[in-house]
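Counting starts at 1 for both ligands and their atoms, in listed order.
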Amino acid sequence: MSDRSYRFTHAITRKPATSIINGLRAVDTGTPSLALMRQHHADYIAALRSTGAVIVELDAAEAFPDSVFVEDTALCLPEGAVVMRPGAPTRLGEAALMAPHLQALYADVRTISGADSFIEAGDILTTETEVLVGRSARTNGAGIAELAATIAPWGHKVREVFTPPGVLHFKTDCSLLDGETILSTERLDASGCFAGYRVIHTAQGEEACANAIRFNDLVLMPAGFPRTRDKLVAAGYHVREIGNSECAKLDGGMSCLSLRFSPPV
Ligand code: CIR
């Protein structure tokens, strides 16, 4: 089996803006500390870089409070990139801001452009064999259909799945660990969407750590979830825990903070 769904030569990140205190959140659990978030962000970038990848660090974009969560702006595949059309009105402009950085690395950059199409890449999980897209409050049927038509010529199959009610994004509740293994909350796995994959469940009460990333040899997961960490270590993964207390106040996790890809050489 190939490993292009988790081996990457590049990542793009964006520095947190001071306006992050106005970022979107489902429940207000307090104002994030920018200083601590910057420290966590630096640890995150250092972990990505330690795998040998090139990390592009973009300047903060003050006009967009949630712009540190770059993942939602694009889907990066081996053949090309697709600029998303975020369903959160305050985030719509973030996608266009990302486009030139993708065009610098990819010859083929497409854009979701239908007036009725909405899609955020936090709802997209790319495995070795398919692209799963969760319909959510941010991602609708028109967005999924437009993405499917856009990437079909590159040989990618989209499968529509559901994001559990009250959960921000599909990947809030799951992550790819390797070509055949998914980390998932029990509530998401219960929907049957991972039939055919090996699934490792987050420990009871630790659902908030389901948003992890496999990046080359590392699995980056939020710090503070010891039972799930121990399960991943026991399964043979090289786990790196990263502080996520401040991004968590804005419903953000490990995947949201980067675009991960290997542009065609
Ligand atoms: C939002 O609500 O859009 C941000 N506060 C959090 C985005 C997290 N992104 C992600 O899960 N991919």
> Knowing that exactly one of Thr127, Thr126, Val131 qualifies, which makes a side chain to side chain contact (heavy atoms under 4.5 Å, CB included) with Thr129?
Replying inline: Thr127
> Hey, which of Leu58, Ile20, Leu250 is the one that makes side chain to side chain contact (heavy atoms under 4.5 Å, CB included) with Val68?
Replying inline: Ile20
Under a 4.0 angstrom heavy-atom cut-off, which atoms of ligand 1 come close to [X]?
X	result
Arg138	1 (C), 2 (O), 3 (O)
Asp66	4 (C), 5 (N)
Gly122	12 (N)

> Considering only the protein, which heavy-atom contact is closest to atom 9 (N) of ligand 1, and what is its distance?
Replying inline: Asp72 OD2, 2.8 Å
> For atom 6 (C) of ligand 1, what's the nearest protein heavy atom and its distance?
Replying inline: Leu250 O, 3.2 Å
>> Judged on heavy-atom distance to atom 7 (C) of ligand 1, which of Arg91, Glu120, Met254 sits nearest?
In response: Arg91
>> If you take the nearest heavy atom of each of Gly253, Cys256, Ala121, which one is closest to atom 10 (C) of ligand 1?
In response: Cys256
> Is it the side chain, the backbone, both or neither of Lys171 that has a heavy atom closer than 4.0 Å to ligand 1?
Replying inline: neither
> Is ligand 1 under 4.0 Å from a heavy atom in the side chain of Leu24, in the backbone, in both, or in neither?
Replying inline: both
> Is the shortest N/O to N/O distance between Asp251 and ligand 1 below 3.5 Å?
Replying inline: no
>> Evaluate Ser255 for polar contact with ligand 1, using N/O atom pairs at a separation under 3.5 Å.
In response: no
Indicate yes or no: does [X] engage [Y] in a salt bridge with an N to O separation below 4.0 Å.
X	Y	result
Arg260	Glu71	yes
Arg187	Glu207	no
Glu79	Arg110	no

> Stepwise, does the side-chain hydrogen bond (donor to acceptor under 3.5 Å, both in side chains) test hold for Asp178 with Thr181?
Replying inline: CA-CA 5 Å; Asp178 59 36; Thr181 314; 2.7 Å; yes
> Can you tell which of Asp123, Thr139, Thr172 makes a side-chain hydrogen bond (donor to acceptor under 3.5 Å, both in side chains) with Thr163?
Replying inline: Asp123
>> With salt bridge (Lys or Arg N to Asp or Glu O under 4.0 Å) as the criterion, how do Arg85 and Glu146 come out once you've worked through the C-alpha distance, each side chain's angles and the decisive distance to 0.1 Å?
In response: CA-CA 11 Å; Arg85 210 172 125 69; Glu146 191 173 337; over 6 Å; no
> With a 4.0 Å cut-off on heavy atoms, does Arg25 reach ligand 1?
Replying inline: no
